[in-house]
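Index from 1, following the sequence.
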Amino acid sequence: MPTHLLNRRRHSPRPALPLTEGIALEHGRTHEACGPARHRFALWLAAAAQQAARNSAWQTAPETAPAPVLWLLPPRGGRPLNPEGLAACASPARFLFVQAARTEDQLWAMEEALRSGAAALVVAELPEPPAMTPVRRLHLAAEAGGCFGPAPLGLLLTPGQGGAQGIESRWHLAPAHNRAARNRLRHGLPACGLAAGGEGTAPQSCWSLQRLRARTLPPRSWQILQAAAGSPLQAVPAPQAVPAGTEPAGTAQGLPQGQSGAMPQGRSGALPHPQEALAAPAPP
């Protein structure tokens, strides 16, 4: 468990970039996103960073406030995102794509971009999780980038379940449209494809978001709902998964819900002892 030394300095929470209600990523740090929908998670952060730049008080022209996003493509096999797909989440004109020849050059470019503070968000698609030393250098560069304004935020996109060492937080995003619809129908709620109140249908999308690790927060899971492209995100706690093949107590034996067919305590699951024969009555 992490230990914190006591001192006389005042500890204030680090500013964070809110993704939706109850979900935020700290500025001046490097985070990690994995899962099949990790690119969608990066686009959500880009949209939040651009919106935060428009609403910031230190910008003189909020309507034209620049919030550039630097996107570092992998050395081999990386393809830029489709601008038409970007427009549904963030402004494509504020993205800058860079492709490096090696993974080391990719990490160096990310470190320099974070240290300069010119980009509000720096995203790097890596073929594998980096080691502890590069991640530590990215943390220091992100902290140094906030000397003359809001500190930038770094995001590493890693395949599989991630696993970067020393990361501030690790997030896993996967599409869960069908599973979310089944869970909502099970609880008597409208499915993901139905609008609240029954007024027609709405193209609502659902994702499963997990916070796998964080320095100061426990792991947690949400379902992210979005009514339409560009609409605000809504986070609801993910329902607890029921293991396959399990049934409520008593249903397997045909008993009513809440009644269990377990043996009384003290028998330890053993068969009952046979009843002793009654003694013959005494003769008169």
Ile23 CD1 to Ile224 CD1 distance, which is reported to the nearest 0.5 Å:
4.0 Å
Assess whether atom CZ of Arg137 is packed by more than 12 heavy atoms of other residues, nucleotides or ligands within 6.0 Å.
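No, the 6.0 Å shell around CZ holds no more than 12 heavy atoms from other groups.
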With a sphere of 6.0 Å drawn around CD of Glu21, does it hold more than 12 non-hydrogen atoms of other residues, nucleotides or ligands?
no
Hydrophobic cluster membership, with links at side-chain heavy-atom distances under 4.5 Å among I/L/V/M/F/W/Y: are [X] and [Y] in one?
X	Y	result
Leu153	Phe95	yes
Met132	Leu138	no
Leu114	Leu155	no
Val123	Leu25	yes
Leu126	Leu73	no

For Ala118 against Pro68, the heavy-atom pair lying closest together
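Looks like O-CG, 3.2 Å.
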Could you report the tightest heavy-atom contact between His31 and Arg29, atom names first, then the distance?
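Heavy-atom minimum between the residues: CD2-O, 3.8 Å.
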What I'd like to find out is whether the side chain of [X] reaches to under 4.5 Å of the side chain of [Y], using heavy atoms alone.
X	Y	answer
Ile167	Arg213	yes
Met110	Leu156	yes
Trp71	Leu157	yes
Arg215	Glu26	no
Arg211	His172	no
Pro75	Thr103	yes

Under 3.5 Å donor-acceptor, [X] side chain and [Y] backbone:
X	Y	result
His27	Gly146	no
Gln226	Ser231	yes
Gln106	Ala124	no
Thr20	Leu233	yes
Gln223	Pro237	no
Arg170	Ala164	yes

Under a 3.5 Å cutoff, is there a donor and acceptor pairing between the side chains of Trp171 and Ser169?
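There is such a pair (donor and acceptor under 3.5 Å, judged by atom type) between the side chains of Trp171 and Ser169.
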Distance-only donor-acceptor pairs under 3.5 Å for side chains of residues 34-49, two or more places apart:
{"residue": "Arg38", "atom": "NH1", "partner": "Gly35", "partner atom": "O", "Å": "2.9"}
{"residue": "His39", "atom": "NE2", "partner": "Glu125", "partner atom": "OE1", "Å": "3.1"}

